[in-house]
Amino acid sequence: MTPEQLRDVVRSAVASAVERGALAVAVPDDVVVDRPKNPEHGDYATNLALRLAKAAGRPPREVAEVIAAELRQQPGIDAVDIAGPGFLNVRLAKAALGQVALQAVAAGKAYGRTEMLAGQRLNLEFVSANPTGPVHIGAVRWAAVGDALGRLLESSGAEVTREYYFNDAGAQIDRFARSLQAAAQGRPVPEDGYAGAYIDDIAAEVVAAEPGLAERADDEQLAVFRSRGVELMWVEIRSSLSGFGVVFDVYFSEWTLHEAGALEKAISRLREQGHVFEADGAIWLRTTTFGDDKDRVLVKGDGEPTYFAADCAYYLNKRERGFDKVLIMLGADHTGYVGRYKALVAAFGDDPDTNLEILIGQLVNLVKGGEPVRMSKRAGNVINLGDLVEAIGADAARYALARASIDQQIDLDLDLWSRQTSDNPVFYVQYAHARIASLLRAASDLGLVLGEPADVDPALLATQRESDLLRAIAEFPQVVASAAELRAPHRVARYLEELAGTYHRFYDACRVLPRGDEEATTLTTARLWLCAATATVLRNGLAVLGVHAPERM
RNA sequence: GCCCCCGUAGCUCAGGGGAUAGAGCACUGCCCUCCGGAGGCAGUGGCGCAGGUUCGAAUCCUGCCGGGGGCACCA
């Protein structure tokens with residue numbers, strides 16, 4: 001029995017108490033069932049009685065007593081104790097708990113999936129780095145976390161479109177093109193341009209691909225550097241991302257919005273809503289109506305639309321594609337966007353609290369040898385995605401970036417994460433999986449097979465360490481669901497570390513395979529199922545994070 | 001000045017109002033003639049400060065201190 005299943009049982013116990021007049025409360029639908037830290041507190045605990053006490057007008061322990069009496073009638077429940085101020089501590093029947101191992105193995109990849117977000121169409125935008133340079137370290141965090149979040153939302157039943165928006169229109173692309181041209185001509189890059197070895201490389205590639213380029217007129221050259229350069233940069237970005245295991249469903253070009261007249265359309269739509277005005281020769285959106293700090297310019301005095309105007313058009317485009325909600329992951333250096341973005345959503349007549357969700361994540365500092373790694377674009381020593389993968393590997397990088405809350409600035413120690421030792425949390429988790437894989441191979445060599453669930457006696461999994469492991473396995477679906485709801489993939493990573501530890505302790509205490517010339521027993525079979533169930537959860541959890549679950553290490 | 005995020009063990013970080021605040025690493029001492037010791041057990045050690053709400057606060061509210069980020073007709 002998993003905590004969710006128990007939650008239903010508890011709810012019906014309350015309903016039954018209410019029905020027979022023993023309790024005068026509304027049956028709550030947000031019953032909290034959790035796994036107590038202290039094993040003396042049973043397999044699961046709920047604070048329900050504490051929560052209902054006020055509504056029932058009775059002391060918590062008295063309410064607890066009523067619910068406990070009902071609960072004790074339910075199948076699969078061994079004992080119900082009342083503790084402390086009124087906690088209900090539930091001990092499951094051994095078979096009911098052991099059953100979890102069978103459920104997990106039978107469900108396989110589906111174990112942990114829920115339908116919590118079924119029917120929701122979500123657009124998840126992240127990374128969205130401009131094609132003027134490689135994906136730098138700051139954006140890599142969003143690649144890891146955003147991709148994991150996408151998997152998490154899908155695991156909860158949502159239909160997710162991962163989207164990368166790239167700004168291929170506007171001034172910084174001009175600067176990029178001029179930088180390439182300067183590099184090709186052996187001149188220093190312009191003051192406001194882009195520097196770095198990659199500029200020289202791409203300039204050389206453009207020159208090689210376009211014979212006779214040097215003889216053409218200056219503005220013609222620039223156009224070539226612009227289109228070819230962006231294209232090449234774009235290829236590099238996509239390939240570094242795919243080397244990181246991140247592939248988007250949609251790569252959305254800002255230029256296509258300009259081309260299609262989407263900006264004008266968005267502006268006129270906003271005008272119809274009555275939020276557009278002109279002042280100082282520019283066209284503005286009155287975002288202050290919707291709580292923004294100041295109004296925002298849509299079209300500048302020189303007639304050029306702003307980036308913000310493109311944001312409006314892009315948002316409208318997403319909504320027209322039928323997404324219920326637009327999620328955008330941004331770094332803390334874009335905090336200033338939130339107010340204006342919420343306002344533009346409201347200006348279109350949408351609800352910024354339901355149609356939009358902006359996730360702001362804090363920045364990453366790199367550390368090496370205990371010292372912060374100083375990066376400067378000008379000096380060209382910026383660490384980009386490719387460098388990071390080369391330094392510590394894609395699995396370690398993804399795991400390191402995804403295991404911390406996005407609200408937390410993190411120090412990423414390149415020395416630590418490049419070590420192939422147990423210092424490194426990702427190895428701790430992966431090792432647990434490899435260890436089980438090895439054990440299952442050994443079992444198979446002995447001719448031992450899992451067989452059918454009906455032939456397993458789950459009540460045999462009765463020791464403390466086995467129960468601990470079963471409870472941890474049972475918790476996984478709830479971990480996935482709450483991580484999705486809270487947009488917090490790191491919870492999955494932390495859970496996996498705990499699960500790995502719980503498995504190692506089980507392994508240490510419980511012999512699985514027969515020794516020497518002993519015969520396999522029904523306990524052997526039950527424990528093999530428990531191992532297989534653990535491996536299933538480790539695989540599914542690592543899959544959410546986009547990290548491999550190795551069979552061998 | 002205003003807005004956002006964060007201050008938890010020596011270090012890197014978990015802790016969505018609940019019971020004795022956790023993990024990994026580091027440090028000290030241990031553990032299988034046996035399935036992967038990349039493991040396990042035990043010990044040392046902590047909620048920035050001050051108020052408030054609550055039966056109960058690391059968690060919610062206010063103030064202060066400290067760190068990071070943001071406040072463009074830039075993208």
Side-chain angles (χ1 to χ4, degrees), chain A residues 32 34 36-38 40-41 45 47 50-51 53-54 59-60 83-87 89 130 132 167 169-173 175 192 254 279-284 293-294 296-302 304-308 310 331-339 360-363 365 367 370 400 403-413 416-417 419-425 427-428 430-432 434-443 446 465 482-483 485-486 488 490-491 493-495 497-498 500-501 503-516 518 527 531 552-553:
Chain A
V32 176
D34 54 22
K37 277 164 283 188
N38 188 336
E40 286 170 21
H41 295 147
N47 61 1
L50 290 164
R51 291 174 174 278
K54 197 167 276 180
F87 290 103
N89 292 335
N130 290 339
T132 52
N167 182 285
Q172 85 288 3
I173 294 288
R175 288 204 281 273
D192 60 352
E254 183 196 343
D280 305 327
I283 299 174
W284 299 67
D293 297 337
K294 56 192 74 170
R296 305 291 169 177
V297 172
L298 290 167
V299 181
K300 296 187 270 187
D302 63 6
E304 287 296 312
T306 60
Y307 190 80
F308 181 63
D333 52 340
H334 287 74
T335 313
Y337 271 35
V338 178
I360 295 291
Q362 302 301 311
L363 306 177
N365 299 309
V367 175
R403 87 188 275 270
S405 154
I406 62 167
D407 289 335
Q408 190 74 243
Q409 293 176 39
I410 52 174
D411 289 339
L412 199 153
D413 186 330
L416 167 66
W417 291 95
R419 256 174 256 157
Q420 309 271 312
T421 67
S422 61
D423 302 11
N424 189 334
F427 279 88
Y428 184 78
Q430 289 184 315
Y431 175 69
R435 197 180 213 189
I436 298 171
S438 163
L439 188 147
L440 294 176
R441 279 193 300 273
L446 292 171
R465 297 287 173 83
S482 66
E485 191 186 344
L486 295 170
H490 74 279
R491 284 174 172 253
R494 298 303 176 139
Y495 163 82
E497 288 168 29
E498 193 186 322
Y503 180 78
H504 289 311
R505 280 184 284 279
F506 153 80
Y507 181 90
D508 201 58
C510 300
R511 176 77 198 185
V512 178
L513 299 178
R515 304 162 197 252
E518 289 174 1
R527 286 182 172 168
C531 291
R552 297 185 159 81
M553 292 173 69

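First the proteins, then the strands, lettered A, B, ... as listed; each starts at 1.
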Could you tell me how far apart [X] ([atom1]) and [N] ([atom2]) are, to the nearest whole angstrom?
X	N	atom1	atom2	answer
A:R515	B:rC35	CZ	P	9 Å
A:I360	B:rC71	CD1	P	12 Å
A:D407	B:rG69	CG	C1'	13 Å
A:F308	B:rC73	CZ	P	12 Å
A:R505	B:rA38	CZ	P	18 Å
A:R465	B:rC35	CZ	P	18 Å
A:D411	B:rA14	CG	C1'	16 Å

(request) Compare the aromatic ring of A:H41 with the six-membered base ring of B:rA19 and state whether they stack according to the 5.5 Å and 30° rule. (result) yes

(message) Under 4.0 Å from OP1 or OP2 of B:rG22: is there any side-chain N or O of A:K37 that close?
(response) no

(message) Looking at B:rA72, I'd like to know if its phosphate oxygens (OP1 or OP2) sit under 4.0 Å from a side-chain N or O belonging to A:R296.
(response) no

(request) Measure from the ring center of A:Y428 to the ring center of A:Y431 and say whether it is less than 6.0 Å. (result) no

(message) Please confirm whether the ring centroid of A:Y507 lies under 6.0 Å from the ring centroid of A:H504.
(response) no

Side chain of [X], base of [N]: donor and acceptor closer than 3.5 Å?
X	N	answer
A:T335	B:rG70	no
A:Y495	B:rA23	no
A:D413	B:rU12	no
A:N89	B:rA19	yes
A:N47	B:rG18	yes

What's [X] touching, base or sugar-phosphate or nothing? Going by heavy atoms closer than 4.0 Å.
X	value
A:A83	base
A:C531	nothing
A:A434	base
A:S482	base
A:G170	nothing

Distance between the [atom1] atoms of [N] and [M], in whole angstroms?
N	M	atom1	result
B:rC27	B:rG63	C1'	39 Å
B:rA19	B:rG24	C1'	25 Å
B:rG43	B:rA9	C1'	14 Å

(request) Just say parallel, tilted or perpendicular for the rings of A:F506 and A:Y503, cut-offs at 30° and 60°. (result) tilted

(request) For A:N38 and A:E40, indicate whether the former's side chain and the latter's backbone hold a donor-acceptor pair under 3.5 Å. (result) yes

